[in-house]
Amino acid sequence: MTRNIPQQEQKVLAADTAVNALCNEGLIHSGMKIGLGTGSTAMPAVYALSALLERGAVTDIKAVATSFQTSIECERLGIPVYSMNAAVIGGELDLAIDGADEIDPECRLIKGGGAALLREKIVEYSARLLVIVADETKAVAHIGTGFAVPVEVIGEARVPVMRALEKLGASCVLREGVRKCGPVITDNGNMILDCRWSAPIDPAAMERAINDIPGVVENGLFTRVRPTVFIAHADGTVERRA
Ligand code: 5RP
């Protein structure tokens, strides 16, 4: 019988498969420094890591969290969390694991649906290996025309940055809070402009061009690292792209 696994179960399947495969391959190992992502696919990866710790398959993990969501879950699970600046981390990680909003065939990403893009990029560009876990809806032919690219801006620069992004061909919307009046304020105290293009973009050139605008703190295009990606499908299979 053909299986039809719902999206949230696909997320858990991708996360469990990735964490257990990485452990079997020695890429998740005792004593390592690991970056932990944010969102509804990254959380099952944190839970899978916690399960490895609980059964003693790995010990002495040093985690860096990409958001309050992740650091609070790590606190609850007893996973020790450090700053990227802590002496034991030294600004570099062995591995980072996270979800994504869109993944193109070259494994370039849009991230930041959970507004954690700034700390995600700091953590994930500082990791020797980035692993992305996702359900099948995240795999697309082109990034930038479907899911919006989030741009984190300082509040004072909101309108000038929007004008500059329009000159780059984007339509921008200020992200509004849910059960919070007014804009989303990120974990770093900034605002988010969600940007879409009507035609495919050059993701690498656009990542650089957006960050050249004064007042932009970071954007959600991730093109400078080529991650290993685990994509779970509705039929219960998990595809690994490297
Ligand atoms: C948070 C992110 C998430 O990884 C991305 O939004 C995917 O989220 P989810 O796994 O909940 O679909 O970048 O800023």
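Each residue takes its place number in the sequence, starting with 1. Whatever order the structure lists ligands and atoms in, that order sets their numbers, starting from 1. All values reported here derive from a predicted model rather than from experimental measurement.
Going from atom CG of Asp94 over to atom NZ of Lys62 covers 9.0 Å, rounded to the nearest 0.5 Å. Taken to the nearest 0.5 Å, the CD1 atom of Ile213 stands 4.0 Å off from the CG atom of Leu165.
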Show me a pair-per-line table, with atom names and distances to 0.1 Å, of protein N or O atoms that are under 3.5 Å from an N or O of ligand 1.
unit_1: ligand 1; atom_1: 4 (O); unit_2: Thr38; atom_2: O; d: 3.0
unit_1: ligand 1; atom_1: 4 (O); unit_2: Asp98; atom_2: OD1; d: 3.4
unit_1: ligand 1; atom_1: 4 (O); unit_2: Gly99; atom_2: O; d: 3.3
unit_1: ligand 1; atom_1: 4 (O); unit_2: Lys111; atom_2: NZ; d: 3.1
unit_1: ligand 1; atom_1: 6 (O); unit_2: Asp101; atom_2: OD1; d: 2.6
unit_1: ligand 1; atom_1: 6 (O); unit_2: Asp101; atom_2: OD2; d: 3.1
unit_1: ligand 1; atom_1: 6 (O); unit_2: Gly113; atom_2: N; d: 3.2
unit_1: ligand 1; atom_1: 10 (O); unit_2: Thr41; atom_2: N; d: 3.0
unit_1: ligand 1; atom_1: 10 (O); unit_2: Thr41; atom_2: OG1; d: 2.5
unit_1: ligand 1; atom_1: 11 (O); unit_2: Ser40; atom_2: N; d: 2.7
unit_1: ligand 1; atom_1: 11 (O); unit_2: Ser40; atom_2: OG; d: 2.5
unit_1: ligand 1; atom_1: 12 (O); unit_2: Lys11; atom_2: NZ; d: 3.0
unit_1: ligand 1; atom_1: 12 (O); unit_2: Lys138; atom_2: NZ; d: 2.7
unit_1: ligand 1; atom_1: 13 (O); unit_2: Lys111; atom_2: NZ; d: 2.8
unit_1: ligand 1; atom_1: 13 (O); unit_2: Gly112; atom_2: N; d: 2.7
unit_1: ligand 1; atom_1: 13 (O); unit_2: Glu120; atom_2: OE1; d: 3.0
unit_1: ligand 1; atom_1: 13 (O); unit_2: Glu120; atom_2: OE2; d: 3.4
unit_1: ligand 1; atom_1: 14 (O); unit_2: Gly114; atom_2: N; d: 3.2
unit_1: ligand 1; atom_1: 14 (O); unit_2: Ala116; atom_2: N; d: 3.1
unit_1: ligand 1; atom_1: 14 (O); unit_2: Glu120; atom_2: OE1; d: 3.2
unit_1: ligand 1; atom_1: 14 (O); unit_2: Glu120; atom_2: OE2; d: 3.3

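Side-chain contact of Glu166 with Ser171: a donor-acceptor pair under 3.5 Å is absent, judged by distance alone.
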Discussion item. Could you go through Lys121 and Glu207, starting from their C-alpha distance and side-chain angles, then the distance that decides it, and tell me whether this counts as salt bridge (charged side-chain N to carboxylate O under 4.0 Å, His left out)?
Written reply: CA-CA 12 Å; Lys121 199 175 276 189; Glu207 181 180 0; 2.7 Å; yes
Fill in: Worked check of side-chain hydrogen bond (donor to acceptor under 3.5 Å, both in side chains) between His233 and Gln10
CA-CA 6 Å; His233 293 279; Gln10 291 176 37; over 6 Å; no
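Shortest non-hydrogen contact noted between Asp101 and Gly113 is OD2-N, 2.8 Å.
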